[in-house]
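Chain naming here is simple, since letters A, B, ... match the order of the sequence lines and numbering starts at 1 in each.
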Amino acid sequence: MPVLWLILIVLALAFAGFVAGRARAISGAGDDRRALHSLPNYYGWNVAMKVMVPAFLVLILWLIAQPFIVNTKATGLLSETAVPEGSTLGLVMSDVRRVADGLDLVVDRGLLSAAEASDLTAGASDIRATLGNAGVAVGSEITPEVLAAAQSYRATNATGNLLRSIVVIGLALVGGGLALAQTKPDFRARNSVERGIRAILVAAASLAILTTIGIVLSLVFNTIEFFRIYPASEFFGSFTWSPSFGGGSQLGIWPLLWGTLYISLIALLVSVPIGLFAAVYLSEYAGPKLRAVAKPALELLAGIPTIVYGLFALLTVGPLLLSVFGRDGLNWMQAGTAVMTAGLVMGIMLIPFVSSLSDDIINAVPQSLRDGSYGLGATKSETIKQVILPAALPGIVGAVLLAASRAIGETMIVVMGAGAAARLSLNPFDAMTTVTAKIVSQLTGDADFASPEALVAFALGMTLFVMTLGLNVFALYIVRKYREQYD
Amino acid sequence: MTDATFTGGKEPAKHGLLTLDARTKKRNASEKRFRIYGLAAIGAGVFFLVVLLTAIVSNGIGAFQQTFIEVPVYLEEAKLDKTGNRDPAEMAKVSTFGYSPLIQNALWKVIVDSGAETEFEEGKDIKEMISASAAAKVRDWVLANPDRVGETVDFQILASSRVDGYLKGRVSRESIAQDKNIAAGHLDLVDVLREQGVVHKSFNWDFITGADASESRAEQAGLGVSMLGSLFMMITVLLLALPIGVAASIYLEEFAPTNRFTDFIEVNISNLAAVPSIVFGILGLAAFIQFAHLPQSAPLVGGLTLTLMTLPTIVISTRAALKAVPPSIRDAALGVGASKMQATFHHVLPLAMPGILTGTIIGLAQALGETAPLLLIGMVGYIATNYPEGVFSGFLSPNSAMPAQIYEWAKRADPAYYERAWGGIIVLLLFLLAMNLIAIVLRRKFERRW
């Protein structure tokens, strides 16, 4: 039974439970609603909840667990010899899955009856042709062992699906029955329902923890896998980045880190002065009219998706820089994609980020400090330079660090504007590449997930995650530690 | 030393309100400079914004116009329907190769009738002027109207992307010197035909509603299919992120006790808000595709990934909206005997709803423009040429998304695709603008000050 049907059946049961529970409560009270502990609907909800929650929980767990069990069982049938030279168990297993799915499809299309499909033996040489008819292409020849594993895969899956339907519907019925039995006029239905809702709320809030765990696990496991087939000392020690999918890659992280930091540095050199001065002017000098126009205009820059900045770098800024610094001009630049291109555009993107953060911080400096400074005869700019900025410094440093973390994690601009060559160079007009750009290029190719060239992306992602997280935590620490308390 | 006597020979510098001494002048000058720096910074920011918007509009507006050629095509019965019984199933055996000569000859006839001087000799020589998609278009029309075979029918046929570029000023006689796809003679013909109104530009709905095309048919490519992909992704995000985000915020804002667990959740949410989007892409790849074996490039997977990415944004804005509801509302509800749950769901939540919706729309707008996570789950590189068949396949069958489509176009070699990428950005920004305007209107209309 497909999962969708199962869900619909449970929902229908829940609805029936709601109606039954409500009716039972009212009739139990002899049609006198005042005799009930809770409002009648709560009795209905109580039953519906107890139908749905256990059933759906088990369904979700089952959906996660079944593929594991089925896979383990099918893998157990494959002996060492079933894995041909140059292939891996994972590849063979994906063949097994494809054959099994293909046979299911064949049965669906009516090309074979269900009994015929499960009786197929490797002797019947036309399996590939049959699968081909159903539109399933199987790359290599199907060996008897693969077929046996696929049959076991199908059989276990079918049993699992049947059991799943029985267990889920059974649980729904049992839960509903128990809840109906509970339904008496003095049953505290509202408290029961509210406990349930609270549990759902806690579960929703915990999703944030689950997401973090998911990120960490997916990075850590694949990174460990990577370091198992590629030495960590090479990854952190080598200064060359030259992946080749044929093997013999050199995957040193330093050129990528250097590109990342260089581009981020240029971006910060553009965005911090402009953003900071803009924030100072807007909060200290600008009248309400200019503020009403300039502030939203700057913030508009923050609302523009990064793909737009990427295209802007690739098609506008790159060619523009090339016409000045390229072969026809100063001859420092070979192509439009360069550290400078990506850095400038990223700087533009970060201006509103720096300015709105600093704006908040400058506004938080109390007026009394300004008044004190004016009273001593300081000019406005002297007040800003010698009183306000020092008072706001921790916040501003925090803002700059957050901007740096943004710059390091930015992807689209560097993918489109920075080039693809990994090199260690000081010339800002050279094409370089970054950690994020290489994550994209290593994972969007056709390489299989088991190769070091693809897995390195997870190690890079881990590096990126640690760097940005570290910067964020450090920024918050600085803000907390050095914040002036004015109250 | 109040009784210090005057010893120096020099007069002390004269101080006065009207005469400025050198130091004051210096201080005033530095004040002025500082102001100018500030103004210059704002000017720079606004200047960049203007440059960016100008670049987008000036480069992208052309994508909404397309060059068409008006050709009366004679639908020759001997070629298209040999048996003569007008059976579409039989006529479908004639492939687009059967139609191409008819169109080329028809255009050749138009050229001969126009009296233009040309070095070309027959229909085949001018096939470079016509889009490769023209034959398929005529074929579809004929199969839909089999009775019209044998007649001459006027078609608006797409010109090739080079001809289109010539009309838009992207292609010139110098730039095509090395180009095998068109010759200068073709452009001479285009000039003549343009004067006679046979070749003309008009608004191109296919760019907005159409499907992506192969690398060599830039003139045919459209955003429609990827727009649907984005739509299905946004539906997923809305259906998941709104309830989960609201539930999480209600718990944290109204019920959570102050303990380690709550603190841990809060730290997690604020950290997730700062995690680079590409890391969410890695999570989506590892969790949904590697682990759960969901189909690659499916809008459902994109939606799930973007949900995880937008949740922190929605939680943060929802909590702000809940916080803005004054405690007196809760107290009043509790005072007349509501349970805490009833006070929250019956009174606080409805009052916070406008703020929650505003935050959700802004979160959705952010998700709509996000590209990096989509790269990793395979939504780039998939050529979105087919519309999804239904709602179910809309979620599960491979598709592209608007920003992914733009990136895909920007990567292609033909400059005609750059124009389309800019045009795609105009459409994307219009969507974002509309969403933000709705959010602003909602806020203005329903915002209450307590």
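Contacts of B:Ile362 with chain A are absent, with no heavy-atom separation under 4.5 Å from either backbone or side chain. With a threshold of 4.5 angstrom between heavy atoms, A:Phe221 does not approach chain B through any atom at all. For B:Gln290, the part lying near chain A is the side chain, with the backbone staying farther off; criterion is any non-hydrogen pair under 4.5 Å. When heavy atoms are compared at a cutoff of 4.5 Å, A:Leu469 approaches chain B solely by way of its side chain, counted from C-beta outward. Within the 4.5 angstrom heavy-atom criterion, atoms from both the backbone and the side chain of B:Ser30 approach chain A. Neither the backbone nor the side chain of B:Ile377 has a heavy atom closer than 4.5 Å to any heavy atom of chain A. Neither the backbone nor the side chain of A:Val317 has a heavy atom closer than 4.5 Å to any heavy atom of chain B. With a 4.5 angstrom heavy-atom cutoff, A:Leu298 touches chain B only via side-chain atoms. With a 4.5 angstrom heavy-atom cutoff, A:Leu314 touches chain B only via side-chain atoms. Neither the backbone nor the side chain of A:Leu210 comes within contact range of chain B, judged by heavy atoms closer than 4.5 Å. Residue A:Leu217 does not touch chain B at all, counting heavy-atom pairs closer than 4.5 Å. Heavy-atom distances place both the backbone and the side chain of B:Leu52 under 4.5 Å from chain A. In this structure, the portions of A:Ile215 lying under 4.5 Å from any heavy atom of chain B include both its backbone and its side chain. Of the two parts of A:Leu311, the backbone and the side chain both hold a non-hydrogen atom closer than 4.5 Å to a non-hydrogen atom of chain B. Residue B:Leu311 touches chain A through its side chain alone, counting heavy-atom pairs closer than 4.5 Å. For chain A, no part of B:Asn436 is nearby; none of its heavy atoms comes within less than 4.5 Å. If you measure heavy-atom distances from A:Thr379 to chain B, the contacts under 4.5 Å come from both the backbone and the side chain. If you measure heavy-atom distances from A:Asn191 to chain B, you find no contacts under 4.5 Å at all. Contact annotation for B:Leu429: only side-chain heavy atoms (C-beta onward) come within less than 4.5 Å of a heavy atom of chain A. Looking at B:Ile42, both its backbone and its side chain come within 4.5 Å of chain A, counting heavy atoms on both sides. The contact between B:Arg35 and chain A is made by backbone and side chain atoms together, counting heavy-atom distances below 4.5 Å.
Interface check for chain A: of the options B:Leu252, B:Leu285, B:Leu368, B:Leu432, the most heavy-atom pairs under 4.5 Å are formed by B:Leu285. Chain B forms more heavy-atom pairs under 4.5 Å with one residue of A:Ile307, A:Ile274, A:Thr411 than with any other, namely A:Ile307. The choice from B:Gly369, B:Ala41, B:Gly245 that makes the most heavy-atom pairs within less than 4.5 Å of chain A is B:Ala41. Between chain B and the residues A:Thr306, A:Thr468, A:Leu476, the largest count of heavy-atom pairs under 4.5 Å involves A:Thr468. Ranked by heavy-atom pairs under 4.5 Å with chain B, the list A:Ser381, A:Gly409, A:Gly461, A:Ala294 is led by A:Ser381. For the options B:Ala40, B:Ala274, B:Gly424, heavy-atom pairs under 4.5 Å to chain A are most numerous at B:Ala274. In terms of heavy-atom pairs under 4.5 Å with chain B, the best-connected choice from A:Arg190, A:Arg198, A:Met416, A:Glu194 is A:Glu194. Ranking A:Val280, A:Leu315, A:Val216 against chain B, the residue ahead of the rest is A:Leu315, based on heavy-atom pairs under 4.5 Å. Heavy-atom pairs under 4.5 Å with chain A peak, among B:Leu39, B:Val275, B:Val267, at B:Leu39. Of all the listed residues (B:Leu272, B:Leu376, B:Leu308), the one sharing the greatest number of non-hydrogen pairs under 4.5 Å with chain A is B:Leu272. Per-residue heavy-atom pair counts under 4.5 Å with chain A were compared for B:Ala55, B:Ser339, B:Ala410, and the maximum is reached by B:Ser339.
A:Ile439 and A:Ala457 make their closest contact through CG1-O, 3.8 Å (heavy atoms, listed as atom of the first residue, atom of the second, distance).
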**OP:** List the steps and the verdict of ring pair (Phe, Tyr, Trp, His ring centres under 6.0 Å) for B:Phe34 and A:Phe277.
**Re:** CA-CA 9 Å; B:Phe34 195 78; A:Phe277 269 111; 5.6 Å; yes

**OP:** Could you give me the CA-CA distance, side-chain angles and deciding distance for A:Glu410 and A:Thr436, then say whether side chain to side chain donor-acceptor pair (under 3.5 Å) is met?
**Re:** CA-CA 7 Å; A:Glu410 173 50 47; A:Thr436 48; over 6 Å; no

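The aromatic ring centres of B:Phe255 and B:Tyr251 sit 6.0 Å or more apart.
There is no side-chain donor-acceptor pair under 3.5 Å between A:Asp359 and A:Ser356.
Classification of A:Lys380 and A:Glu284 as a salt-bridged pair fails, no side-chain N sitting under 4.0 Å from a carboxylate O. Between B:Glu266 and B:Arg319 a salt bridge is recorded (basic side-chain N to carboxylate O distance below 4.0 Å). Salt bridge status for B:Asp414 with B:Arg420: absent, with no side-chain N to carboxylate O gap under 4.0 Å.
Heavy-atom contacts from other residues, nucleotides or ligands closer than 6.0 Å to CH2 of B:Trp422 number more than 12. Within 6.0 Å of the OH atom in A:Tyr285, the count of heavy atoms belonging to other residues, nucleotides or ligands exceeds 12.
Using a 4.5 Å heavy-atom cutoff, the side chains of A:Leu389 and A:Ile384 are in contact. A heavy-atom distance below 4.5 Å is found between the side chains of B:Tyr407 and A:Met412. A heavy-atom distance below 4.5 Å is not found between the side chains of A:Met349 and A:Leu301. Contact check for B:Ile250 versus B:Phe345: side-chain heavy atoms found under the 4.5 Å cut-off. In this structure, the side chains of A:Leu464 and B:Val279 come closer than 4.5 Å at one or more pairs of heavy atoms.
Looking only at distances, no side-chain donor or acceptor of A:Ser206 sits under 3.5 Å from a matching main-chain atom of A:Ile209. Judged by distance alone, with hydrogens and angles left aside, the side-chain atoms of A:Thr463 form a donor-acceptor pair with the main-chain N or O of A:Ala459 at under 3.5 Å. No donor-acceptor pair under 3.5 Å is formed between the side chain of B:Ser400 and the backbone N or O of B:Ser226.
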